Amino acid sequence: NYYEVRYVGHGAFYNSEKLLSVSIPSSVTRIGKYAFYNCKMLSNVSIPIKSKLTKVDDCAFARCSSLKTIFFPKSLEAFGHTIFSNCPSLSAINIPTENVKATGSIDLRTCPNLDTIYVSMGQKNSSLYKTIPDKIVELSEIDMDRLLDGDSFGHNIGNNNIIFYY
């Protein structure tokens with residue numbers, strides 16, 4: 001028989017030493033707290049573009065020291081605190097905000113190799129940009145006007161390339 005996976009449970013792969021790669025099925029709607037916490041060998045997480053994923057809970061990918069990139073689908077509505085804390089190999093992420101209603105703090109200071117963040121500003125009232133540390137980017141009023149007019153643009157701040165798109 002075939003069973004559809006809808007939830008990656010709390011601590012499901014906590015401390016899994018040999019987990020190298022994960023393909024999240026498109027049927028998954030939630031990734032629980034600490035689901036992949038401290039999976040030191042995990043380097044690749046694949047989530048389909050047309051995924052039903054709506055929530056990623058606290059510390060879901062924290063301490064995944066080999067994780068290089070992760071891209072979330074537009075279906076994402078909420079994510080918890082410090083989902084990427086202590087991910088030193090993380091180099092690129094995307095944060096779609098079209099449907100985001102609730103956000104935790106994103107602590108990217110513990111991701112020293114993060115050089116590209118794709119942020120969509122799909123909601124005019126989105127507060128997501130406020131969770132990106134000031135040391136990485138600060139949006140000016142001009143930038144916000146450009147976003148609201150539908151422009152895409154990038155910032156180069158130090159080694160960080162922040163690409164905003166609407």
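From a predicted model like this one, the values you see are computed outputs, not experimental measurements.
Of the possible donor and acceptor atoms, one in the side chain of S75 sits under 3.5 Å from a partner among the backbone N and O of S51. Judged by distance alone, with hydrogens and angles left aside, the side-chain atoms of D58 form a donor-acceptor pair with the main-chain N or O of H81 at under 3.5 Å. Of the possible polar contacts, none joining the T29 side chain to the L53 backbone as a donor-acceptor pair under 3.5 Å is found. In this structure a side-chain-to-backbone donor-acceptor pair under 3.5 Å is present from S91 to K68.
Annotation: side chain of F84 is in contact with side chain of I93 (closest heavy-atom distance under 4.5 Å). Inter-residue side-chain proximity for K50 and S26 is flagged as unmet; no heavy-atom pair is nearer than 4.5 Å. In this structure the side chain of F36 reaches within 4.5 angstrom of the side chain of I31, judged on heavy atoms. In this structure, the side chains of R6 and V28 stay at 4.5 Å or more apart for every pair of heavy atoms.
Using a 30° and 60° split on the angle between ring planes, H10 and Y34 fall in the perpendicular class, above 60°.
Atoms NZ and NZ, on K18 and K40 in that order, are 15.0 Å from each other to the nearest 0.5 Å. Considering CD of E17 and CG of N38, their distance stands at 8.5 Å, rounded to 0.5 Å. Between S46 atom OG and I70 atom CD1 the span is 9.5 Å, to the nearest 0.5 Å. Rounded to the nearest 0.5 Å, atoms CG (L114) and OG1 (T69) are 11.0 Å apart. Atoms OG and CG, on S21 and L42 in that order, are 7.0 Å from each other to the nearest 0.5 Å. How far SG of C64 is from CG of N44: 12.0 Å, rounded to the nearest 0.5 Å.
L20 and Y14 are assigned to two separate hydrophobic clusters, defined by single-linkage of ILVMFWY side chains at heavy-atom distances under 4.5 Å. Linking Ile, Leu, Val, Met, Phe, Trp and Tyr residues whenever their side-chain heavy atoms come within less than 4.5 Å leaves Y37 and F72 in two separate clusters.
For the residue pair S65 and S89, the shortest heavy atom distance occurs at O-OG, 2.6 Å. Residues P73 and P48 come closest through the heavy atom pair CB-O, 3.8 Å. Annotation for T110 and N86: closest pair OG1-N, 2.6 Å, computed over non-hydrogen atoms.
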Show the numbers, then the answer: is there a side-chain contact (heavy atoms from CB on, under 4.5 Å) between F61 and V56?
CA-CA 9 Å; F61 298 98; V56 179; 4.1 Å; yes
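Paired with C39 under the rule side chain to side chain contact (heavy atoms under 4.5 Å, CB included), one option of V22, L19, V45 passes, and it is L19.
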